[in-house]
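What follows is a set of notes on a single structure, which appears directly below.
Quick caveat, the model's predicted, so the values are computed rather than measured. The residues of the chain are indexed from 1 along the displayed sequence.
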Amino acid sequence: MVNNITVSSAGVLFFFSLALVVVLVSFARLCNRDDARPLILAALILLVRDGIIWFVPLPLLVQRLALSWGFAGAFLCFIAWTGFYRRSNRTLWTAIALALGIGALCLLFPAGAYRRSFFLPSLLAGLAGIALFRVDRYNLSSAREVEEVRPHLGTALAISGLALLLWPLASGGAQVGLLLAGTLPLWSTGGAFIPGAIRAFQREVRFQQQNTDYIFDFMSKVGDLREKDTRLILDPALETILRATRADSGVVVTRLDGDFRVRAVHGFFPPPFPVPDIVKTKLQGLRNFLTQVPVSFVTPVWGDVLRTGEAVLVPEAAKHPDLAGHARDRVLHLRSFMTLPLIVNGGVWGLVSIARRDDPQLFNRADLSRARSMVNFVALAMENYTAYAKLLQARRVERDLEIAATIQESFLAPSDVRAAGVEIAAVCRPVRGVGGDYYDIVSLGASRVALIVSDVAGKGVPAALVMMIVRTAARLALEETADAGEVLRMINTAVSGSVGEDRFATVGIVIVDTVREEAAVASAGHHPLLLLTPEGTVRGECDVEGLPVGIEQTASYPSRTVPFPAGSWGVLYTDGFLEAVNRQGHEFGLQRLVGALQHGAGSSAEASPGARAVLDGVVSSVAAFAEGAAAQDDMTMVVFRGQG
């Protein structure tokens, strides 16, 4: 028969339960473990049970039921605690169903309540052992600690279950000892996990130290690269990630020219799609295969990562439909697999996929967390590296532009010239540091001067190079002939044979002869020459047909001779003046340009203005019209006047 539970025995149980609560709460606080709450709740249930038995007079049947159901509640909490480390909690629901079933029997048939309920704690202890051994070692980082102490906890659960089975048959002082044995799993958990948490902290410290070394090595390798190309850092980045995660192999997939491709490979990496038998036995063959296969949003596993930006962890490849074949393959022998996105500048720039083939330890969430931290660092390094490379390139381009602008400025003729009895004023304002507009003034003797204005397609250095070819060819041609059309033909031949098909230029040329008081005009698709009378009235436009230079190598260019008496004005210009816009989007246009020229050339009947004054007036008119709006194109103009 069962002896009565004395008040003194209840006091011993109470203080043991109180000590257990203190141990578990201290463990949770010191180790910052929120997952210990079910264990603390189990200890509190025992403490409340023993306190009620000790301080509250209860009938013997109620005392017995309280002892039994107190242990049952504690073991239910223990089962719930193991659920943190499992994918499924079916054992917990089974335990709850059994507890509720036996409880219903006790309530419905109170006469035999104790006999039916005394084995409930032992049954739940057995279920707790089953739940403990169903812990997934790769489910959480702390599951490793559970795996380490699982044999000890299993033994404690077995002892507790056996002790609680013997409890109703025990007599005297042995009864208290058997009851205390029922708390052995909770004591074991609290006692074993404190040093386990310390070891986990030490492992984390070692991991952080290793990561620091890995990162230092990675940055050293990046710093040694001579070329600032983002693709060059993929190999050292992948090597760093593999070392940090103890993975056997891996790849990096990035976007290039709009397509995702494998850009870096390390080891025999089993991808999430079939691999031909002919390539998987040789490392170079597998590498070539991986780099040639296109990657898209429909690629298994990888497509999900690229589309969602979320990491994918496959602890056991044998259980994944797209990886099971590689897991059974005797060559690839894939065991564990994970893929993480490369987030650069807020977008999915690619992914890193790593695998374990020979290591028996499967990837777990701790490995995923560590891999994520390394991948994020690599992504940040790539982002900074890309920005640095762009900055270097921008500075290099800026320096080249400065040099080219200096060279271009040195090629331009003086802006104010008097040659062969002609007063000339010119301006060239590129939108960028180096423009595609060009003007030149070439004296051809005492009575003749050649004026050239050109507008090259495009901007920047390429346009400036074409402009230099035009200038060189024009000067060489003018040494051989004074025929404006022949000069354009020779320029066209030089440009057509020296630049690409997408490079061409419009050229307008005027050769003024002050003795004959005439001007020879030729045009290669340029704006017509504007002619004004000495009084500043527009006399008309002199237009001559001709293709822009650089389009057709055999093109011919006719010339036209027009009267140019003393005091007459001539104006050559480029698109920039006509296409200047204001804040409302309206263009300056030809009509406003003519008005500005007439206003400047006819501003003083007694003292005729100079060419510079007329040109400055046009520039001021354009600036006033634009109201501070940015120029859209290079602006070049040559204003000239025959002297009487």
Side-chain angles (χ1 to χ4, degrees), residues 83 85-91 134-141 143 147 238 241-242 245-255 259-283 285-342 348 350-372 375:
Y85 315 107
R86 299 197 310 273
R87 292 181 178 179
S88 171
N89 276 319
R90 286 177 295 181
T91 309
R134 292 183 67 248
V135 165
D136 299 323
R137 59 181 174 178
Y138 48 79
N139 200 31
L140 287 173
S141 59
E147 186 180 10
L238 179 58
I241 295 170
L242 294 178
T245 57
R246 294 187 297 108
D248 304 313
S249 56
V251 298
V252 178
V253 176
T254 63
R255 188 194 297 270
D259 296 327
F260 286 104
R261 294 271 183 172
V262 173
R263 309 296 178 190
V265 184
H266 185 89
F268 277 91
F269 178 78
F273 44 81
V275 178
D277 293 337
I278 195 172
V279 302
K280 66 184 178 184
T281 56
K282 294 184 179 180
L283 179 59
L286 180 60
R287 184 188 302 270
N288 293 338
F289 170 75
L290 291 175
T291 55
Q292 292 172 6
V293 173
V295 179
S296 66
F297 294 126
V298 298
T299 302
V301 183
W302 288 355
D304 296 336
V305 175
L306 294 175
R307 186 173 57 255
T308 65
E310 298 292 334
V312 173
L313 171 64
V314 183
E316 294 182 88
K319 296 182 179 180
H320 194 280
D322 297 311
L323 301 172
H326 295 333
R328 295 189 297 267
D329 191 285
R330 287 183 294 180
V331 177
L332 297 177
H333 196 246
L334 177 61
R335 291 182 56 81
S336 199
F337 186 91
M338 75 167 74
T339 301
L340 304 98
L342 265 176
V348 180
L351 59 85
V352 176
S353 194
I354 59 178
R356 282 181 181 169
R357 299 170 57 248
D358 301 321
D359 193 336
Q361 180 68 44
L362 302 176
F363 283 137
N364 55 32
R365 294 190 180 275
D367 295 317
L368 178 63
S369 177
R370 291 167 180 173
R372 181 181 284 113
V375 170

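In this structure, the side chain of H326 does not engage the main chain of P272 through any donor-acceptor pair within 3.5 Å. At least one donor-acceptor pair under 3.5 Å links the side chain of S336 to the backbone N or O of P315. R287 contributes a side-chain N or O that, together with a main-chain N or O of V265, makes up a donor-acceptor pair within less than 3.5 Å.
Heavy atoms only, all atoms of each residue included: P341 and G309 are closest at CG-O, 3.2 Å. Across every non-hydrogen atom of A311 and L368, the tightest pair is CB-CD1, 4.0 Å. Heavy atoms only, all atoms of each residue included: F289 and P274 are closest at CZ-O, 3.7 Å. The heavy-atom pair separating A318 from A324 by the smallest distance is O-CB, 3.6 Å. The two residues R255 and F260 have their closest heavy-atom pair at NH2-CZ, 3.1 Å. The two atoms that bring L290 and P271 nearest to each other are CD2-CG, 3.6 Å, heavy atoms only.
Residues P270 and S249 are in side-chain contact: their nearest non-hydrogen atoms beyond the backbone lie under 4.5 Å apart. Between N288 and V279 there is no side-chain heavy-atom pair separated by less than 4.5 Å. Considering only heavy atoms from C-beta on, L342 comes within 4.5 Å of V352 through its side chain. Counting heavy atoms from C-beta on, the side chains of S353 and M338 never come closer than 4.5 Å. At a threshold of 4.5 Å between non-hydrogen side-chain atoms, the residues F268 and R357 count as touching. Inter-residue side-chain proximity for L362 and R335 is flagged as met; some heavy-atom pair is nearer than 4.5 Å.
By the 30° and 60° cut-offs, the orientation of the rings of W302 relative to F273 is perpendicular.
Considering CG of L334 and CD of E316, their distance stands at 11.5 Å, rounded to 0.5 Å. The distance from atom CZ of F337 to atom CZ of F269, rounded to the nearest 0.5 Å, is 4.0 Å. Interatomic distance, CD of Q292 versus CZ of R261, reported as 8.0 Å (0.5 Å rounding). Between the NE2 atom of H333 and the CG atom of D248 there is a distance of 10.5 Å, given to the nearest 0.5 Å. Going from atom OG1 of T245 over to atom CD1 of I354 covers 3.5 Å, rounded to the nearest 0.5 Å. Note that OG1 of T291 is 9.5 Å distant from CG of L286, once rounded to the nearest 0.5 Å.
Of the charged side-chain nitrogens involved, at least one lies within less than 4.0 Å of a carboxylate oxygen, so that D367 and R356 count as a salt-bridged pair.
Identified under the salt bridge (charged side-chain N to carboxylate O under 4.0 Å, His left out) test for residues 320-330, with sequence neighbours left out: K280-D329.
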Residue pair V375, L351: steps toward the side-chain contact (heavy atoms from CB on, under 4.5 Å) verdict:
CA-CA 9 Å; V375 170; L351 59 85; over 6 Å; no
